[in-house]
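Written out below as structure tokens is the structure these notes cover.
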Amino acid sequence: MTRSTKMLLWGLLFSITLTGCAEIINFRSQTPEDEENIDLNNNAVETDYLAKMITIAGTQAMEVKGVALVTGLDGTGGDPPPSIYRSWLLDDMRRRKVRNPNQILRSPNTALVLVRAYIPPVVKKGDIFDVEIALPPNSDATSLRGGWMMECFLTEQAIVSGRAPMKGHTWATAKGPVLVSASSVEDSDASTLLKRGRVLAGGKARKERTLGVYLQSKYISFRNARRVENRINQRFFGYKNSQRKGLATAKTDEYIQLDVQESYKNNHSRYLQVIRQIAFRENAVQQRERLVRLQEKMMTPSLAAMSALRFEAIGKPSIPFLKQVLQDSTSLEVRFYAAEALAYLGDNSGAETLVEAAREERAFRVYALAALSIIDDTVSYYGLRQLINEESVELRYGAVRALWTLNKDDPFIRGEHLNDQFTLRVLPSSGEPMVHLTRSQRSEIVVFGDEQRMQTPVALTAGPHIMVNARSGDDTIMVSKFKLGEPDQRKEVSTRVADVIAAVADMGASYPDVAQMLSQASVQYNLPGRLEVDALPQGGRVYMRPVAGGESGSSSSRRKARVGGVNRTPNLYPVIRDSSGEIIVEDKESDDVEESDEAGEASVTDVRPEEDKEPEVLKKPGFFSGILNLDDE
């Protein structure tokens, strides 16, 4: 072999070695995430979403129970018989240094009650929630009307076979005025309705509850927990002391705790849906390509809901694409989903579309109103103001809740807090006269039509001591209070509904007392319009989606599609229960109903401890239903 040949061979070998080293160096410079995304054939890589890796935790309400004393009854109480509940109450009274507790229990003006509450999935210390109460089955008491529940502790309870119920951690306290059925006392079910009640916003949390996600078993590791934490924090973060702070915190190798971003504080369900659609690994080029694909998909109505969630999961870079969809699409469904995602991304471009969706399509209503409640601009504000005048009862009151959420201090919606018990909101409205009562979340009366006047003759009661009277043809109403041990009170007011409510509250009427008065006024046709209770928009309704190529207006040209679900209803609007205590699901039939693209993917862990049958009075179906039931005349 000649010298020149040897030199040539050595040169080739050296070149091959350098090339191999360069390829090794180049390969190892990739991050682990990039390694897993390498596509040698230059094909599009399927996106991996967090939904494949995580299970949501903490979305179920936590049941807590207690025993309390109701006072202020008008001779309808009774001495509770010996039981574990009497022993618990006596122990609590002694700890509070109450003198002669047994003598107090024997009073006909007091009653022992069983207390139950469901602490929401996300609460902070001091947050309030509703409380349900009921007389035990063997109680001699006959009515809780007009009562006040003294403070009690609410704890987790467990049933151990052969033993008395065992108490766990104390999660909350509860107290307040008892709201029983607002139906007239002549109702056939009155004796049963009067033995149970509710204390609106009576519970106060002593501990925090947070949301979180668990890694599925095959992904459990500290490395993966940190990677999921980082991906969530790239999308959701806040600022503390001018320092950016992510809202996800990996607590263990399998659990990541979540704080809720401000814009989702009244819609935890959507927050979790968006988190599930965050891409686990994706570089800038891949994200850009996916944005283009999502825009194309979203123009198809059946794919719009999921595409909107994935746009929202990407964040601010999605806004131009969503705006383009909003501009180009002629489908109300597509434009609604685009406008909703824009709202949660902090963009107000879709406010007018959300108002239109709330007005025109009841299936979109609850989600459109919730989105409007976070858009702080004039279009959203005046759109909600106009919805107050619409024909739909739930649309009118739903708009009130959205306005209050948008700005509690706005003079139009702020109202007046009466007797430290409830809020009276009197709204000018060109719609049908209406009075609305609530039996959940807050004590509130909304009068739609500021010049509503009671029709005479009037003979009403507001609790056991306040009477409201007027003769036929009178243009004033006399409000009187007669209570033993107190001077008599009388006040003459106009027939204006708001003035009468304010007058009885000024004489000490509680919210349940005023609810009773208004219920009687409705039955006796003293109100110029209708009286409604918890008229709230709901989730999980069916939307009749137009089918391309079908004949306009024909049933064959539309297809049923369910929008969201009851469990995805924004927490701004509590779910409604039927007479058995079950959540109402409208349009239950499933035949030919197209579910969302996410159907079957939801993975929710119920962290609430299992409970046995005791105490049976709290487990009886429908035992707490019927409160403020105005249908039984």
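Quick caveat: nothing in here was measured; it's all calculated off a predicted structure. For this chain, numbers begin at 1 and follow the sequence in order.
- With sequence neighbours left out, Tyr337 forms a ring pair (Phe, Tyr, Trp, His ring centres under 6.0 Å) with no residue at all.
- In terms of heavy-atom proximity, Thr47 sits nearest to Ala279 at CG2-CB, 3.7 Å.
- Every residue two or more places apart in sequence or in another chain that forms a side-chain contact (heavy atoms from CB on, under 4.5 Å) with Glu352 is listed here: Val379.
- Between Arg396 and Glu390, no side-chain nitrogen of the basic residue sits less than 4.0 Å from a carboxylate oxygen of the acidic one, so the salt-bridge criterion is not met.
- Side-chain contact between Thr438 and Tyr511 is present, with heavy atoms from C-beta onward closer than 4.5 Å.
- Partners of His436 by ring pair (Phe, Tyr, Trp, His ring centres under 6.0 Å), not counting sequence neighbours, listed by chain and number: Tyr397.
- Closest heavy-atom contact between Arg209 and Pro120: NH1-O, 3.2 Å.
- Under the 3.5 Å distance criterion, the side-chain polar atoms of Arg235 are matched with a main-chain donor or acceptor of Glu312.
- Looking at Arg541, its side chain does come within 3.5 Å of a backbone N or O of Arg362 through a donor-acceptor pair.
- Of all heavy-atom pairs between Ala174 and Val131, the closest is CB-CG2, 3.8 Å.
- Within 6.0 Å of the CZ atom in Phe412, the count of heavy atoms belonging to other residues, nucleotides or ligands exceeds 12.
- Put simply, the side chain of Asn389 gets close to the backbone of Ser430: a donor and an acceptor are under 3.5 Å apart.
- Under the 3.5 Å distance criterion, the side-chain polar atoms of Asp450 are left unmatched by any main-chain donor or acceptor of Val426.
- When atom types are taken as modelled, the side chain of Ser331 and the backbone of Val334 share a donor-acceptor pair closer than 3.5 angstrom.
- Across all their heavy atoms, Leu247 and Val260 have their closest contact at CD1-C, 4.2 Å.
- For Val355 against Gly383, the heavy-atom pair with the smallest separation is CG2-CA, 3.9 Å.
- Among residues two or more places apart in sequence or in another chain, the salt bridge (charged side-chain N to carboxylate O under 4.0 Å, His left out) test is passed with Arg365 by Glu394.
- Between Lys65 and Glu156 there is no salt bridge, since no side-chain N of the basic residue sits under 4.0 Å from a carboxylate O of the acidic one.
- No more than 12 heavy atoms of other residues, nucleotides or ligands lie within 6.0 Å of CZ in Arg288, so this atom counts as exposed by the packing criterion.
- Residues forming a salt bridge (charged side-chain N to carboxylate O under 4.0 Å, His left out) with Arg231 (at least two apart in sequence, or on another chain): none.
- Sequence neighbours left out, not one pair with a member in residues 286-310 passes ring pair (Phe, Tyr, Trp, His ring centres under 6.0 Å).
- A search for side-chain contact (heavy atoms from CB on, under 4.5 Å) contacts involving Ser349 returns Lys323, Leu326, Leu342, Asp347, not counting sequence neighbours.
- Ser380 contributes no side-chain N or O that, together with a main-chain N or O of Asp376, makes up a donor-acceptor pair within less than 3.5 Å.
- Side-chain N or O atoms of Arg198 include none that pairs as donor or acceptor with a backbone N or O of Glu132 at under 3.5 Å.
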Pair Asp130-Tyr118, side-chain hydrogen bond (donor to acceptor under 3.5 Å, both in side chains): steps then yes or no: CA-CA 8 Å; Asp130 296 341; Tyr118 293 100; over 6 Å; no
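- Taking the charged nitrogens against the carboxylate oxygens, Arg359 and Glu356 have no contact shorter than 4.0 Å, which rules out a salt bridge.
- Crowding of Lys218 atom NZ: a count of heavy atoms from other residues, nucleotides or ligands under 6.0 Å not exceeding 12.
- Shown here are the ring pair (Phe, Tyr, Trp, His ring centres under 6.0 Å) partners of Tyr367, two or more places apart in sequence or in another chain: there are none.
- Partners of Tyr271 by ring pair (Phe, Tyr, Trp, His ring centres under 6.0 Å), not counting sequence neighbours, listed by chain and number: Phe236, Tyr264.
- Checked against salt bridge (charged side-chain N to carboxylate O under 4.0 Å, His left out), Glu444 has the following partners two or more places apart in sequence or in another chain: Arg425, Arg442.
- The backbone N or O of Ala370 sits less than 3.5 Å from a side-chain atom of Ser373, completing a donor-acceptor pair.
- Salt-bridge check for Arg439 with Asp534: passed, with a basic side-chain N closer than 4.0 Å to an acidic carboxylate O.
- Of the N and O atoms on the side chains of Asn266 and Tyr573, not one donor lies less than 3.5 Å from an acceptor on the other residue.
- Remark: side-chain polar atoms of Asp410 are not paired, donor with acceptor, to backbone N or O of Leu403 under 3.5 angstrom.
- In this structure, Tyr543 has its ring center under 6.0 Å from that of Phe364.
- For the residue pair Arg310/Ser318, the side-chain donor-acceptor check at 3.5 Å is not satisfied.
- Legend: residues meeting side-chain contact (heavy atoms from CB on, under 4.5 Å) with Ala399, ordered by chain and number and at least two apart, are Leu384, Leu387, Ile388.
- The backbone N or O of Leu518 lies less than 3.5 Å from no partner atom in the side chain of Ser522, so there is not a single donor-acceptor pair.
- With sequence neighbours excluded, no residue forms a side-chain contact (heavy atoms from CB on, under 4.5 Å) with Pro320.
- The existence of a salt bridge linking Lys52 and Asp48 is confirmed by a sub-4.0 Å separation between a basic side-chain nitrogen and an acidic carboxylate oxygen.
- The two atoms that bring Ile375 and Leu406 nearest to each other are O-CD1, 3.4 Å, heavy atoms only.
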